[in-house]
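Order of appearance sets the numbers: ligands from 1, and atoms from 1 within every ligand. Sequential numbering from 1 along the given sequence is applied to the chain's residues. Side chains are part of it too, since the values below use all heavy atoms of this structure and drop only hydrogens, waters and symmetry mates.
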Amino acid sequence: MSSSSDNPLLRFAAFWWALGVFMLFGVILLVLKFTSGSAGKADPLEEAAAARRYEIRQTVTAAQEAALGYKEVEKGKVVQVRPQDVFELVGQELLAAKPVAVAKPEQIIPGSPRQLAVANEPVVDVAAVDALTPAADAAIDPALIEAGKAQYMAGTCFACHGPNGEGGPVGPTLTESEWVSGPVSNLIRIQLRGLQGPIQLKGATYTPLAPMAPLAHQTDEQIAAVLTFIRNSFGNKASAVLPEQVKMLRSEVGKPMLTEAELIKP
Ligand code: HEC
């Protein structure tokens with residue numbers, strides 16, 4: 001009965017003390033939040049977005065100012081501009097101000113208008129590409145073969161065609177393949193556009209489980225090196241492939257996957 005916790009006055013005081021301490025914590029937290037938050041560095045993405053919004057706002061304002069109100073249609077004849085013309089003008093200005101479409105060819109979206117436009121572009125002169133092919137017996141820099149071997153692994157060819165070009169469940173063999181030692185333009189175009197559907201390979205019809213996807217992210221040098229490597233490995237013996245030849249065919253990127261009918265018979 002004499003315990004201090006039973007004292008109503010003490011309990012009352014303790015309650016207010018606790019409430020005071022609790023509020024004090026809250027105030028400290030708030031102060032911390034506001035001092036650290038607002039003084040923090042600006043987010044570059046937010047800044048860029050804000051700058052873009054500001055630019056668009058200015059474009060709209062300028063377009064509205066140009067169109068709103070009255071316009072002199074003939075010398076001395078001023079007419080009021082129709083509201084729908086204002087909207088149209090603003091729309092045109094916005095379309096013209098749109099940032100340019102993504103220009104990287106490997107980012108062309110399948111089925112997009114850009115891809116359809118690319119698909120209708122004329123085929124590059126493959127004969128001109130093949131005409132540059134060095135003589136079959138010309139010496140090849142061993143460093144180029146080494147680079148090609150590295151690219152064969154890095155470019156994931158080995159995953160489908162096997163570490164020794166022996167082929168596997170998802171890729172045909174590259175050993176003594178008439179395609180590998182055949183026209184260089186075929187090989188480059190397969191790298192840039194991929195290949196789908198059955199092909200005649202070593203006297204039999206090979207029907208792939210899944211097509212070979214385009215590997216156009218590789219540089220001209222990497223494609224030239226990996227093709228030079230496969231043309232001089234796995235029982236194949238053929239000329240080197242030049243980066244210039246790959247470059248000449250870059251406009252193939254983005255077109256639909258090739259079929260055997262679009263290649264030169266090796
Ligand atoms: C995802 C699996 C895959 C990867 C990765 C791949 N290929 Fe292919 N490749 C295929 C398939 C499947 C075919 C056959 C496609 C067809 O017949 O329609 C093929 C066909 C070929 C052919 C012609 C046929 C032959 O066997 O001679 C060559 C040459 C070739 N690939 C080279 C390469 C090179 C070089 C790389 C790496 C830069 C590579 N491939 C990466 C799956 C792949």
Legend entry - Among Cys160, Gly182, Pro172, closest by any non-hydrogen atom to atom 13 (C) of ligand 1: Pro172
Legend entry - Validation row: Gln218, Leu215 side chains within 4.5 angstrom (heavy atoms): yes
Inset, instruction - Please work out whether any backbone atom (N, CA, C, O) or any side-chain heavy atom from C-beta onward of Glu260 is under 4.0 Å from ligand 1, and answer side chain, backbone, both or neither. - result: neither
Inset, instruction - Only heavy atoms count here, so choose which of Gly168, Gly171, Gly197, Ser181 is nearest to atom 16 (C) of ligand 1. - result: Gly197
Legend entry - atom 23 (C) of ligand 1 - nearest protein heavy atom and its distance: Ile190 CD1, 4.1 Å
Legend entry - Identity and distance of the protein heavy atom lying nearest atom 35 (C) of ligand 1: Gln191 NE2, 3.3 Å
Inset, instruction - Would you kindly specify which portion of Leu215 sits under 4.0 Å from ligand 1, judged on non-hydrogen atoms: side chain, backbone, both or neither? - result: side chain
Legend entry - Under-4.0 Å heavy-atom contact with ligand 1, by part of Thr173 that carries it: backbone
Legend entry - Degrees at atom 8 (Fe) of ligand 1 between the SD atom of Met212 and the NE2 atom of His161, nearest 10°: 180°
Legend entry - Validation row: Leu263, Leu258 side chains within 4.5 angstrom (heavy atoms): yes
Legend entry - Protein contact of atom 5 (C) of ligand 1 - nearest heavy atom, named by residue and atom, plus distance: Thr156 O, 3.3 Å
Legend entry - Glu262 and Arg193, any side-chain heavy atoms less than 4.5 Å apart: yes
Inset, instruction - Could you find the nearest protein heavy atom to atom 29 (C) of ligand 1 and give me its residue, atom name and distance? - result: Leu187 CD2, 3.5 Å
Inset, instruction - Identify the protein heavy atom lying closest to atom 24 (C) of ligand 1, giving its residue, its atom name and the separation to 0.1 Å. - result: Ile199 CD1, 3.7 Å
Inset, instruction - Specify side chain, backbone, both or neither for Ala213, according to which of its non-hydrogen atoms lie closer than 4.0 Å to ligand 1. - result: neither
Legend entry - Residue and atom name of the nearest protein heavy atom (relative to atom 27 (O) of ligand 1), distance in Å to one decimal: Ser177 OG, 2.7 Å
Legend entry - Protein residue, atom and distance nearest to atom 28 (C) of ligand 1, heavy-atom basis: Leu174 CD2, 3.7 Å
Inset, instruction - If you have a sec, work out which protein heavy atom is nearest atom 36 (C) of ligand 1 and how many Å separate them, to one decimal? - result: Cys157 SG, 2.8 Å
